[in-house]
Amino acid sequence: MLRSISLAAFGAALLLAMASGTPLQAADKIEIRTGLLRVAEERPLPISRVDLPPEDLGTAGGTLAVADNNTTGSFLGQVYSMDVVDTPPAEAVAAAEAMLADGITIITVMGSAETVLAIADLPGAKDALILNATATDDRLRNDACRANVLHTAPSRAMIADGLAQYMIWKKWDAWLLVHGSNPADGLKADAYRNAAKKFGAEIVEDLVFEDTGGARRSDSGHVLVQKQIPVFMQEADDHDVVVAADESGVFGVYLPYRGWVARPVVGDAGLTASLWHPGHESYGSTQLQRRFEKLAGRQMRDEDFTVWTAIRAIGEAVTRTNSGETATLREYLLGEEFKLATFKGQPTSFRPWNGQFRHGVILGDAKLVVSISPQEEFLHQRTRLDTLGFDEPQSTCRAF
């Protein structure tokens, strides 16, 4: 998808390049083909119809990024495209193999950790670049990391740390942790336990909400929940805040306003942590919001943002290196010179020790942004963004 660019816009890009010490240069035509692999992982319908996923989830973000890349690329002899493949989990690896065989060596994956690893370990992917846009598993950034995988999805640790910093700043030090019984909920709960230890909070009690597999969306659902949730939390130890770890979407949204005592709820309900928010308007983000809404006819979601970030990062690397070679792009993306504006107030980049993109974490409710972590009080010798998730001394990734 090609778009024209105004002289003023190109002038701004040129000034930015000159300021960074890497001037834009005319070049022979470079064609950058990227792939977007959307894996239809089995998930239950969300409790609220407000959260039903749009059909173009992720695709819309990638389409906008391709258009953004072509805006500058049209002046530099660079042409970007994105091949989108939808596949069930059982056929995801074969779909990735087909992309690689077709010469697409930059693949953004929307799938589980197992899918990402299986694709990364393909013989044909050894020299490819796999961009993980949805798998949040901490192990992908540690023992199970792969040298050919970069992550624009946040880790669970980053999300938990972003919330923890704000709660510590608010002096909400006593947490009631409520987590589901499914494996993903347990991993999210582990991230909150680690965050509590890292920032000095106390988990006063740890409750498990058992997933019995019953109907979650029914006419009488709110009546039953109104009676069940207070009883479930009635004898909980005194706490400042309820932390909900409910990645499976079984109970979390039922916690606000229904507890035995009046306490704020954070996590997977109430005050949530995300990479994007429809109410975010700071740091020039309104222009991204409007361009996306014009393109897609809806609001941007996290998956759109992580896919947009992945493909925009590729575009930035191609522009700065004047190369379409995967090895050259990977080296630049992991280098100190790479920076990408993601409209959250700080220059963002990839961590060279595990390939994780340094995201700011937006904390918000259904309407407004409440804060953006990292909080100013949490300092770091390199960047405050490295206070979220696994810093270099804590990382067990050895592939990089």
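As a basis for the values below, the full set of heavy atoms in this structure was taken, side chains included, without hydrogen atoms, waters or symmetry mates.
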Residue set satisfying ring pair (Phe, Tyr, Trp, His ring centres under 6.0 Å) with Phe292, at least two apart, ordered chain then number -> none
Can you confirm whether more than 12 heavy atoms, excluding those of Glu376, are under 6.0 Å from its CD atom?
no
Hey, are Arg382 and Glu392 close enough for a salt bridge, meaning a charged N less than 4.0 Å from a carboxylate O?
yes
Residues in ring pair (Phe, Tyr, Trp, His ring centres under 6.0 Å) contact with Tyr192, at least two apart in sequence or another chain
none
When you look at NZ of Lys339, are more than 12 heavy atoms from neighbouring residues, nucleotides or ligands closer to it than 6.0 Å?
yes
Test: Asp56 and Arg298 ion pair at under 4.0 Å
yes
Tell me every residue that passes side-chain hydrogen bond (donor to acceptor under 3.5 Å, both in side chains) with Gln287, counting only those two or more places apart in sequence or in another chain.
Arg291
Considering only heavy atoms from C-beta outward, does the side chain of Val307 approach that of Leu36 to under 4.5 Å?
yes
Any chain of hydrophobic side-chain contacts (each under 4.5 Å) joining Val361 to Leu385?
no
Heavy atoms from other residues, nucleotides or ligands near CD of Glu41 exceed 12 (cutoff 6.0 Å)
yes
Applying a strict under-4.5 Å side-chain criterion to I, L, V, M, F, W and Y, I'd like to know whether Leu340 and Leu131 cluster together.
yes
Ring pair (Phe, Tyr, Trp, His ring centres under 6.0 Å) contacts touching residues 131-169 (sequence neighbours left out):
Tyr166-Trp169
Can you tell me how far CG of Leu363 sits from CD1 of Ile372, rounded to the nearest 0.5 angstrom?
8.5 Å
Among side-chain atoms of Ser323 and Glu325, is any donor-acceptor pair under 3.5 angstrom?
no
Whether Asn70 side chain and Gly73 backbone form a donor-acceptor pair below 3.5 Å:
no
Test item: Leu37 and Thr87 side chains (from C-beta on) under 4.5 Å apart, heavy atoms:
yes
May I ask you to check whether Asp391 and Trp353 show a side-chain donor-acceptor distance below 3.5 Å?
no
Looking at Asp137 and Arg156, does any basic side-chain N land under 4.0 Å from a carboxylate oxygen?
yes
For Trp276, the ring pair (Phe, Tyr, Trp, His ring centres under 6.0 Å) test, sequence neighbours excluded, returns His280, Phe305
If you look only at distance, which donor and acceptor atoms sit under 3.5 Å apart when one is on a side chain in residues 96-110 and the other is two or more places apart or in another chain?
unit_1 : atom_1 : unit_2 : atom_2 : d
Asp102 : OD2    : Arg33  : NH2    : 2.8
Thr105 : OG1    : Thr326 : OG1    : 3.0

Where do Ala313 and Leu333 come nearest, in terms of heavy atoms and distance?
O-CD2, 3.5 Å
Quick one about Thr387 and Gln165 (side-chain donor to acceptor, distance below 3.5 Å, no hydrogens or angles considered), yes or no?
yes
Apply side-chain hydrogen bond (donor to acceptor under 3.5 Å, both in side chains) to Ser274 and list each qualifying residue two or more places apart in sequence or on a separate chain.
none
Is Leu150 reachable from Val318 through a run of hydrophobic residues whose side-chain heavy atoms are each under 4.5 Å from the next?
yes
In the structure I gave you, are the side-chain heavy atoms of Gln228 and Phe232 within less than 4.5 Å of one another anywhere?
no
Would you say that Leu388 contacts His359 through its side chain, given a criterion of any heavy-atom pair below 4.5 Å between the two side chains?
no
Restricting to non-hydrogen atoms, name the atom on Gly162 and the atom on Ser373 that form the minimum distance, rounded to 0.1 Å.
O-OG, 2.8 Å
For the CD atom on Glu377, are there more than 12 heavy atoms of other groups (residues, nucleotides or ligands in this structure) within a distance under 6.0 Å?
yes
In the single-linkage hydrophobic clustering (I, L, V, M, F, W, Y; side-chain heavy atoms under 4.5 Å), do Val243 and Leu187 co-cluster?
no
Please determine, by modelled atom types, if Thr342 and Thr348 share a side-chain donor-acceptor pair under 3.5 angstrom.
yes
Ionic contact status for Arg330 with Asp127, cut-off 4.0 Å
no
Keeping to residues at least two apart or across chains, list the ring pair (Phe, Tyr, Trp, His ring centres under 6.0 Å) pairs with something in residues 373-400.
Phe199-Phe378
For a 4.5 angstrom cut-off between non-hydrogen side-chain atoms, does Pro374 reach Gln346?
yes
Using the test side-chain hydrogen bond (donor to acceptor under 3.5 Å, both in side chains), find all partners of Arg141 that sit at least two apart in sequence or belong to another chain.
Gln356
Determine whether Val250 and Leu207 fall in the same hydrophobic cluster, where Ile, Leu, Val, Met, Phe, Trp and Tyr are linked whenever their side-chain heavy atoms lie under 4.5 Å apart.
yes
Tell me if a side-chain donor or acceptor on Thr272 pairs with a main-chain N or O of Ala269 at a distance below 3.5 Å.
no
With sequence neighbours left out, write down each residue that passes side-chain hydrogen bond (donor to acceptor under 3.5 Å, both in side chains) with Asn182, or none if nothing qualifies.
Asp211, Ser248
Set of salt bridge (Lys or Arg N to Asp or Glu O under 4.0 Å) partners for Arg146, sequence neighbours left out:
Asp121
For the residue pair Ala60 and Leu295, what are the closest heavy atoms and their distance?
O-CD2, 3.4 Å
Side-chain contact test, heavy atoms from C-beta onward, threshold under 4.5 Å: evaluate it for Val116 versus Val149 and give yes or no.
yes
Is there a side chain to side chain contact (heavy atoms under 4.5 Å, CB included) between Val85 and Arg38? Walk through the geometry before answering.
CA-CA 6 Å; Val85 175; Arg38 300 199 313 169; over 6 Å; no
Pair Thr115, Ser112: side-chain N/O donor-acceptor within cut-off below 3.5 Å
yes
Under a 4.5 Å cut-off applied to non-hydrogen side-chain atoms, are Glu316 and Phe338 in contact?
yes
Are the aromatic ring centres of Phe357 and Phe350 under 6.0 angstrom apart?
yes
Does either side chain, that of Gln375 or that of Ser371, offer a donor lying less than 3.5 Å from an acceptor on the other one?
yes
Rounded distance [0.5 Å steps], CZ in Arg312 versus CG in Leu64
9.5 Å
Can a salt bridge be assigned to the pair Lys188 and Asp268 using a cut-off of 4.0 Å between side-chain N and carboxylate O?
yes
Starting from the C-alpha separation in whole Å, work towards a yes-or-no answer on salt bridge (charged side-chain N to carboxylate O under 4.0 Å, His left out) for Asp161 and Lys198.
CA-CA 8 Å; Asp161 288 354; Lys198 181 177 180 179; 2.8 Å; yes
Please list, chain by chain and in numerical order, all residues satisfying ring pair (Phe, Tyr, Trp, His ring centres under 6.0 Å) with His239, sequence neighbours excluded.
none
If you define the side chain from C-beta out and look only at heavy atoms, does anything of Leu255 sit under 4.5 Å from Ile229?
yes
Using side chain to side chain contact (heavy atoms under 4.5 Å, CB included), reason through His277 and Val369 one step at a time and then give a plain yes or no.
CA-CA 7 Å; His277 191 284; Val369 172; 4.0 Å; yes
Could you go through the salt bridge (charged side-chain N to carboxylate O under 4.0 Å, His left out) check for Arg301 and Glu293 one step at a time?
CA-CA 11 Å; Arg301 297 197 179 193; Glu293 289 161 6; over 6 Å; no
Determine whether Arg263 and Asp240 satisfy the following criterion, side chain to side chain contact (heavy atoms under 4.5 Å, CB included), listing intermediate values before the conclusion.
CA-CA 6 Å; Arg263 295 292 184 270; Asp240 298 321; 5.7 Å; no
